[in-house]
J.: 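Can you read through this structure? Questions will come right after.
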Amino acid sequence: YTLMGDNQKRLSSVSSSSSHLSCSPSLTTAQAEGGSPMIAEESWMIAEERAHEILSIIQPFYVSDRNRNEIIDYVRALIKSHDGIEVFSFGSVPLKTYLPDGDIDMTVITKQDMEDKFFEKMYNTLKSEEGKPEFDVTDVKFIPAQVKVIKCNIRNIAVDISFNQMAGLCALCFLEQVDQLFGRDHLFKRSIILIKAWCYYESRILGANMGLFSTYALSILVLYIINLFHSSLSGPLSVLYKFLDYYGSFDWSNYCISLSGPVPISRLPELMAASPENRQELLLDQKFVRDCVKLYPAPTKSVETNGLEFPIKQLNIVDPLKYSNNLGKSVTIGNVKRVKHAFTLGARKLRDVLSLPCETIGWRLEKYFGNALERNGKGQRQDVKDPVTAFGTGRSELSDLSGDFEGYYGRLVSYQNNEFYRRAMNASTSMQPNGFQNMGKRRGTGTYIPDMSQQLYHARFRGSGAGNSAAHHIGASSSCNLSGEVSTSSASIKGEECVNSEPCQSSPPENIGDSISSRTLEMENGKEEESKTSQKLKSS
């Protein structure tokens, strides 16, 4: 199965010219900015090879995929005994970007007006499974939040079960499609895994329930880095470096991140994106994103339509599939300085590692990912019962990051033909303010249902390549407002000052749902108070 059109051709040409490990001149030049020494090509080759070895320990394995899929099938069998019920998994498990400590996200699709009644049934069903040895269900809880969730642990893996949350399946289709388009041996997915590992194990800035980044927000931040710096990225480690360097100096106070570029907050609700400063075209242009908005629409509940426009928060990230959704909303005021500090400090430390003599880069990079290797590199994984290959043995477990895009898209289409979905889409359209109603009509986010025909699906992306759009040039910006109109303006990005201090060394929690230790970084007068806790991590 191959996606057609100009985007695929363009991305293929980029893949063939950039798939080797050697570093391009633009990468080393960019890393030499700010007075830091240039990083040699040989250093990058050694570092990327060691990063690949680290990834082979923390990425999904066949055995971990099988265990998680057995849990999903088990929950699905419990739920689907009821008529009119469908169960979908979404998030990092089907996308295959989960960490060993990652949870499993599932959503139950019910008929109209069945949701509240089915919550109690589902809760009681799972409670009745507690104590049975095969799947070892424990800690079943009902969370009556804005989005109702049933939480539990199955085989020592956290499982979150929501209801009628189709936005997650839309995001899954979008991210899987982008990974296929980018290619390069799943550079996008491998970069997400490596960056998630750094954010989760090393810097403790991942976990929306703790006032930090959600995994979807992190994925969109990674996507923008690859979209912008595609020609100068040698592998996942270079994506991590660009990620830390770019967002550590980004002017979050005056701009928000979108896939089309930085957007001045003062110009909202217009998405006036400044053009790339590196004079490169974006791989995914605005037409491609608009097509994805049409293909993957999700109904909006009434509780989500209180705000008329994009809500301004401390860190602002535009959801490419829903422009009124700020993916940075989970980051609280108290954690903003912590996140910025983690980015700047992480970039400085990684630059120091890459500037070392070649013979010392490998072990220093292992130290850079010390917590991740301590927890997962000793032959045990949180999500696998049996022993696995340990780090440093020269061997690795079998792994395949390929996803089932056709299956994901087929499930989405089948649900979009559901009467409950049609009513929900009609309701969400009627609840939107006038400006957003217009946007829905122009961009097809109202009651638009994608055709199930593969041929018609291919046709939607013919001619949608970035090569067909006007090129982005420095000094002028290509932009798009919420009604789909394109305009130009100029904008400059100011960098944040680097904070020179040391990271905390607390132990990671047992699962991604509890991803951030309660012993948070204490920031006082711009300096960080280190938490003094044990670095020894408990294995599963």
J.: Does a donor on one side chain sit under 3.5 Å from an acceptor on the other, for Tyr74 and Glu129?
T.: yes
J.: Do Tyr368 and Glu202 have side-chain heavy atoms sitting under 4.5 Å apart?
T.: no
J.: Is there a donor-acceptor contact under 3.5 Å from the side chain of Asn376 to the main chain of Ala372?
T.: yes
J.: Do Glu176 and Leu95 make a side-chain contact, defined as non-hydrogen atoms from C-beta onward lying under 4.5 Å apart?
T.: yes
J.: Decide if atom CD of Glu42 counts as having more than 12 heavy atoms of other residues, nucleotides or ligands within a radius under 6.0 Å.
T.: no
J.: Less than 4.5 Å apart, any side-chain heavy atom of Phe182 and any of Arg184?
T.: no
J.: How long is the straight-line distance from NZ of Lys242 back to CG of Leu228, given to the nearest 0.5 Å?
T.: 8.5 Å
J.: Can a donor-acceptor pair be found, under 3.5 Å and without considering hydrogens, that links the side chain of Lys132 to the backbone of Val137?
T.: no
J.: Counting only N and O atoms by type, is there a donor-acceptor contact under 3.5 Å from the side chain of Asp285 to the main-chain atoms of Phe288?
T.: yes
J.: Check whether Gln59 reaches the backbone of Ile193 with its side chain - one donor and one acceptor, N or O, closer than 3.5 Å.
T.: no
J.: With heavy-atom distances below 4.5 Å as the criterion, would you say the side chains of Arg76 and Asp73 are in contact?
T.: yes
J.: Within the side chain of Asn335, is there an N or O that forms a donor-acceptor pair under 3.5 Å with the backbone of Gly211?
T.: yes
J.: Would you call Leu321 and Tyr216 a side-chain contact if the rule is heavy atoms closer than 4.5 Å?
T.: yes
J.: Please report the shortest heavy-atom distance between Gly248 and Phe343, naming the atom on each side.
T.: CA-CB, 3.6 Å
J.: Say you draw a straight line from NZ of Lys96 to CG of Leu401; how long is it, rounded to the nearest 0.5 Å?
T.: 7.5 Å
J.: Just verifying a value: how many Å separate Ser219 OG and Lys196 NZ, rounded to the nearest 0.5 Å?
T.: 6.5 Å
J.: Regarding Tyr247 and Trp252, do their side chains bring together a donor and an acceptor under 3.5 Å, going by distance alone?
T.: no
J.: So Tyr408 and Phe90, do their side chains get closer than 4.5 Å, heavy atoms only?
T.: no
J.: If we check salt bridge (Lys or Arg N to Asp or Glu O under 4.0 Å) with Asp383, which of these qualifies: Arg68, Arg155, Arg66?
T.: Arg68
J.: Heavy-atom distance under 4.5 Å between the side chains of Leu218 and Leu206, does that happen here?
T.: yes
J.: Does Pro357 have any side chain to side chain contact (heavy atoms under 4.5 Å, CB included) partners at least two apart in sequence or in another chain, and if so, which?
T.: Glu359, Thr360
J.: As an exercise, state the distance from CD1 of Ile150 to CE of Met106, rounded to the nearest 0.5 Å.
T.: 11.5 Å
J.: Closest heavy-atom contact between Asp400 and Asp65?
T.: O-OD2, 4.2 Å
J.: Would a distance-only check, ignoring hydrogens and angles, find a side-chain to backbone donor-acceptor pair under 3.5 Å from Ser43 to Ile39?
T.: no
J.: Rounded to the nearest 0.5 Å, what separation is found between the CG atom of Asp105 and the CG atom of Leu169?
T.: 12.0 Å
J.: Could you pull out the closest heavy-atom pair between Leu233 and Ile226, with the gap in Å?
T.: CD1-CA, 3.8 Å
